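To keep things clear, I will list the structure first and then write my remarks on it.
Here the structure is a predicted model, which is why all the values come from computation and not from measurement. Below, all heavy atoms of this structure are taken into account, side chains as well, without hydrogens, waters or symmetry copies. The residues of the chain are indexed from 1 along the displayed sequence. Counting starts at 1 for both ligands and their atoms, in listed order.
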Amino acid sequence: MEKGVTVWFTGLPSSGKTTIAHKLEGILRDRGHKVEVFDGDVIRKHLCSDLGFSKQDRDTNIKRIAYVCKLMTRNGVVAIAAAISPYREIRDYARKEIGDFLEVYVKCPIDVCTKRDVKGLYKKALNGEIKGFTGVDDPYEEPLHPELILETHNESVGDSTNKVVQLLEDKGYLQPVRKGHRSSV
Ligand SMILES: Nc1ncnc2c1ncn2[C@@H]1O[C@H](COP(=O)(O)OP(=O)(O)O)[C@@H](O)[C@H]1O
Ligand SMILES: [Mg+2]
């Protein structure tokens, strides 16, 4: 059985986590891997519909995602988590629990994220319509030692995704595509 791993994307809202996660999912599936995406927004509709955005609820949200990723990882799946996961301590907890864990910091300046505002929530937070929004009036603790940093304001989605594929190859979780075969993206 192939070795499983969790790729954990963390970053501000609109930094690019969901976009890269799904692009990566497609590439890995094309290469014949078992893969699942655990997107914060989707998880909050199902597994975590009882939770809000206090620190305690955010931590519980991440603990549940980490638990499912752990089960997937030990069964040879590439589990891809895409959640803001703003608190360093709970990300480190996930790393310890899962073991085969690659933290990818999806880094993008707040002004670019605010301009992208994929779901219109920065606007609402800045207007005071919603409270406790990460990056506006709630903290985001940057990773100190992520395996990879993606600067999504400076690179294309394809560039960012290729860097994750390369990381998976470098760490031995993914076989490189042999020369003469089609490229990864
Ligand atoms: N290198 C990149 N990686 C990911 N997204 C990017 C990149 N460059 C531009 N974008 C754009 O930024 C937005 C990111 O949105 P999304 O993936 O929903 O963010 P998040 O899930 O982090 O809230 C998308 O509109 C995407 O097309
Ligand atoms: Mg998202």
Side-chain angles (χ1 to χ4, degrees), residues 6-30 35-49 51-53 57-66 68-69 72 78-88 90-91 94 101-127 129-143 146-169 174 183-185:
T6 292
V7 179
W8 193 284
F9 292 106
T10 172
L12 289 169
S14 289
S15 58
K17 302 176 297 297
T18 298
T19 305
I20 300 167
H22 285 295
K23 180 111 184 166
L24 178 65
E25 178 189 27
I27 291 169
L28 296 178
R29 206 159 270 154
D30 282 351
V35 49
E36 285 290 348
V37 174
F38 299 97
D39 189 87
D41 287 338
V42 180
I43 293 281
R44 277 184 174 280
K45 289 207 181 94
H46 301 280
L47 198 57
C48 295
S49 58
L51 301 176
F53 292 88
D57 278 8
R58 286 177 186 272
D59 284 352
T60 303
N61 180 45
I62 296 309
K63 276 189 169 171
R64 290 185 196 167
I65 297 175
V68 181
C69 285
M72 291 286 153
V78 180
I80 302 171
I84 302 170
S85 36
Y87 294 108
R88 196 175 287 139
I90 206 79
R91 293 194 306 265
F101 181 92
L102 302 172
E103 188 175 20
V104 179
Y105 178 20
V106 185
K107 188 174 182 184
C108 185
I110 186 90
D111 55 309
V112 177
C113 292
T114 307
K115 238 177 256 156
R116 286 180 182 167
D117 204 8
V118 180
K119 290 176 282 169
L121 294 176
Y122 279 98
K123 191 163 172 250
K124 285 190 178 162
L126 290 165
N127 284 344
E129 284 172 59
I130 51 174
K131 299 264 173 252
F133 190 70
T134 304
V136 177
D137 59 350
D138 222 43
Y140 178 77
E141 298 175 355
E142 293 194 316
E147 275 71 16
L148 184 63
I149 299 176
L150 301 172
E151 302 205 329
T152 65
H153 58 301
N154 284 330
E155 56 198 41
S156 70
V157 175
D159 292 338
S160 297
T161 312
N162 278 335
K163 287 182 184 177
V164 185
V165 172
Q166 187 65 53
L167 174 71
L168 285 163
E169 291 180 355
L174 192 62
S183 67
S184 57
V185 175

Next item on the list: Could you go through the side-chain hydrogen bond (donor to acceptor under 3.5 Å, both in side chains) check for Asp117 and Thr114 one step at a time?
Entry: CA-CA 5 Å; Asp117 204 8; Thr114 307; over 6 Å; no
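Among the backbone and side-chain atoms of Thr18, an N/O/S atom is found under 2.8 Å from the Mg ion (ligand 2).
Not a single heavy atom of Ala82 sits less than 4.0 Å from an atom of ligand 1. Every heavy atom of Asp159 sits 4.0 Å or more from the atoms of ligand 1. Heavy-atom distances between Val157 and ligand 1 reach below 4.0 Å in at least one pair. The shortest separation from a heavy atom of Gly11 to ligand 1 is not under 4.0 Å, leaving the residue out of contact.
Nearest protein neighbour of atom 9 (C) of ligand 1, counting heavy atoms only, is Arg116 NH2, 3.3 Å. For atom 17 (O) of ligand 1, the closest heavy atom belonging to the protein is Thr19 OG1, 2.4 Å. For atom 22 (O) of ligand 1, the nearest non-hydrogen atom of the protein is Lys17 NZ, 2.7 Å. Of all protein heavy atoms, the one lying nearest to atom 23 (O) of ligand 1 is Ser14 N, 2.7 Å. Summary of contacts: the protein heavy atom closest to atom 2 (C) of ligand 1 is Thr152 CB, 3.5 Å. From the protein, the heavy atom lying nearest to atom 25 (O) of ligand 1 is Val118 CG2, 4.2 Å.
Atom OG1 in Thr19 sits 9.0 Å away from atom NZ in Lys17 (nearest 0.5 Å). How far NZ of Lys23 is from CG of Asn162: 8.0 Å, rounded to the nearest 0.5 Å.
With a 4.5 Å cut-off on side-chain heavy atoms, Thr134 and Leu12 count as touching. Using a 4.5 Å cut-off on side-chain heavy atoms (C-beta onward), Ile80 and Phe38 make no contact.
Aromatic ring pairs are classed by plane angle as parallel below 30°, tilted from 30° to 60° and perpendicular above 60°; the pair Tyr140 and Tyr105 is parallel.
Side-chain atoms of Thr60 and Asp57 form no donor-acceptor pair, as typed in the model, at a separation below 3.5 Å.
Between the side chain of Arg58 and the main chain of Phe53, a donor-acceptor pair closer than 3.5 Å is present. Between the Thr152 side chain and the Gly16 main chain, no donor and acceptor come within less than 3.5 Å of each other. Listed for the Asp39 side chain is no donor-acceptor partner under 3.5 Å among the backbone atoms of Thr18.
In the candidate list Gly16, Ser160, Ala21, Gly16 is nearest to atom 14 (C) of ligand 1, counting heavy atoms.
At under 3.5 Å, not a single nitrogen or oxygen of Ile20, backbone or side chain, sits near a nitrogen or oxygen of ligand 1.
Every atom of ligand 1 is numbered from 1 in the order shown, and the set under 4.0 Å from a heavy atom of Leu12 is 22 (O). Listed by number with element, the atoms of ligand 1 under 4.0 Å from a non-hydrogen atom of Pro13 are 23 (O). Atom numbering of ligand 1 starts at 1 in the shown order; those under 4.0 Å from a heavy atom of Glu155 are 1 (N), 2 (C), 8 (N).
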